[in-house]
> 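Quick one: the structure is below, questions incoming.
Atom set for the values below is all heavy atoms of this structure, side chains included, hydrogens, waters and symmetry mates excluded.
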Amino acid sequence: SNAGSGTVWMQQYRLLSLQGIDNPDPRQAFLDDLQLQVRLWREQGYEIFIGLDSNEPISTNRSKFRRFVENTSMIDLMRHHHGAQEPPATHIKGSATVDYGLGTPLLAETLQRSCFFRFYHGLIHSDHCGHSYDFDERILLARQQATCWIQFQGVLSVQIVSQSRS
């Protein structure tokens, strides 16, 4: 990686090195930790939405992020909703989708609308495309007991919404 000395990636690298891990891979460590947490929440009956900049497309066979998606059985909601249509590049300098909204099967079932926004548009003033998801709350919330918002900030920025089934 060409990460600068003050980046979160380098901070995580140093922290993992101090824990005795040789040649740590902060991105893989993040995905491993998130995978364990997603599996735990699924075992506890939670529905989960993860929106993130993965820094790599799911479509690449060697993608660490693709393995995470496959290992957690999360669904790429945009692709699920729009079918085989290739999603757009989601970084202004990129040529592939690197921003995703992942969800559990119930979220995919209740997804009514989804879209990407243009770069530097509206609420999302960024060099990444914003994305929006509209779920049928009558179905989604009818099965729910509680809502929990957790935000991780580290190698990748992730926002997780999990809701427990009744």
Side-chain angles (χ1 to χ4, degrees), residues 8 26-60 63-166:
V8 172
R27 180 167 294 143
Q28 187 61 55
F30 172 81
L31 291 172
D32 291 345
D33 290 345
L34 185 57
Q35 180 175 308
L36 289 173
Q37 190 62 54
V38 166
R39 285 182 174 168
L40 175 65
W41 283 332
R42 292 299 290 148
E43 288 170 6
Q44 294 172 344
Y46 288 92
E47 299 299 326
I48 306 164
F49 175 84
I50 303 174
L52 74 151
D53 168 13
S54 67
N55 288 324
E56 63 180 346
I58 290 176
S59 58
T60 308
S63 166
K64 295 172 186 180
F65 182 62
R66 178 181 182 159
R67 283 194 306 275
F68 164 79
V69 172
E70 291 171 350
N71 290 339
T72 58
S73 300
M74 296 292 283
I75 298 167
D76 174 356
L77 295 173
M78 195 67 73
R79 185 172 289 271
H80 171 79
H81 189 243
H82 294 281
Q85 178 181 348
E86 186 64 29
T90 57
H91 185 268
I92 202 161
K93 294 181 181 177
S95 61
T97 303
V98 295
D99 297 284
Y100 295 93
L102 305 176
T104 49
L106 180 61
L107 272 72
E109 176 188 326
T110 62
L111 183 60
Q112 294 182 317
R113 287 176 287 282
S114 63
C115 69
F116 284 112
F117 297 108
R118 294 187 316 265
F119 302 109
Y120 300 107
H121 176 71
L123 297 175
I124 312 298
H125 190 76
S126 172
D127 58 353
H128 285 264
C129 287
H131 37 116
S132 176
Y133 302 88
D134 184 16
F135 301 97
D136 185 339
E137 71 276 359
R138 293 170 299 166
I139 297 170
L140 187 61
L141 298 178
R143 303 181 191 181
Q144 307 305 313
Q145 291 180 333
T147 300
C148 174
W149 291 81
I150 298 174
Q151 185 163 351
F152 288 101
Q153 293 194 348
V155 176
L156 304 172
S157 294
V158 177
Q159 186 173 26
I160 300 174
V161 179
S162 65
Q163 296 183 319
S164 175
R165 283 182 269 186
S166 56

> By salt bridge (charged side-chain N to carboxylate O under 4.0 Å, His left out), which residues pair with Asp33, not counting sequence neighbours?
none

> Distance check, rounded to the nearest 0.5 Å: Leu107 atom CG versus Met74 atom CE?
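Taking CG in Leu107 and CE in Met74, the distance rounds to 8.0 Å.
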
> About how many Å separate CZ of Phe68 and CG of Leu52, when rounded to the nearest 0.5 Å?
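That separation rounds to 7.5 Å.
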
> Please enumerate all residues that pass side chain to side chain contact (heavy atoms under 4.5 Å, CB included) together with Gln28, with sequence neighbours excluded.
Asp25, Leu31, Asp32, Lys64, Arg67

> What heavy-atom pair brings Ala108 and Ile75 nearest, and what distance separates the two atoms?
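For Ala108 versus Ile75, the nearest heavy atoms are CB-CD1, 3.8 Å.
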
> Please identify each residue that fulfils side chain to side chain donor-acceptor pair (under 3.5 Å) with Thr104, with sequence neighbours left out.
Glu47

> With sequence neighbours left out, what residues match Asp134 under salt bridge (charged side-chain N to carboxylate O under 4.0 Å, His left out)?
Arg113

> Going from CG on Asp136 to CG on Leu106, what distance comes out if it is rounded to the nearest 0.5 angstrom?
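Between atom CG of Asp136 and atom CG of Leu106 there are 10.0 Å.
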
> Could you tell me if the side chain of Val69 sits less than 4.5 Å from the side chain of Asp76, heavy atoms only?
no

> With Glu70, which residues qualify under salt bridge (charged side-chain N to carboxylate O under 4.0 Å, His left out), at least two apart?
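Salt bridge (charged side-chain N to carboxylate O under 4.0 Å, His left out) list for Glu70, sorted by chain: Arg66.
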
> Rounded to the nearest 0.5 Å, what separation is found between the CG atom of Leu34 and the CG atom of Asn71?
11.5 Å

> Can you tell me if Arg42 uses its side chain to pair, donor with acceptor, with the backbone of Thr72 under 3.5 Å?
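Checking the backbone N and O of Thr72 against the side chain of Arg42, no donor-acceptor pair under 3.5 Å is found.
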
> A side-chain contact here means heavy atoms from C-beta on lying under 4.5 Å apart; do Phe30 and Val8 qualify?
no

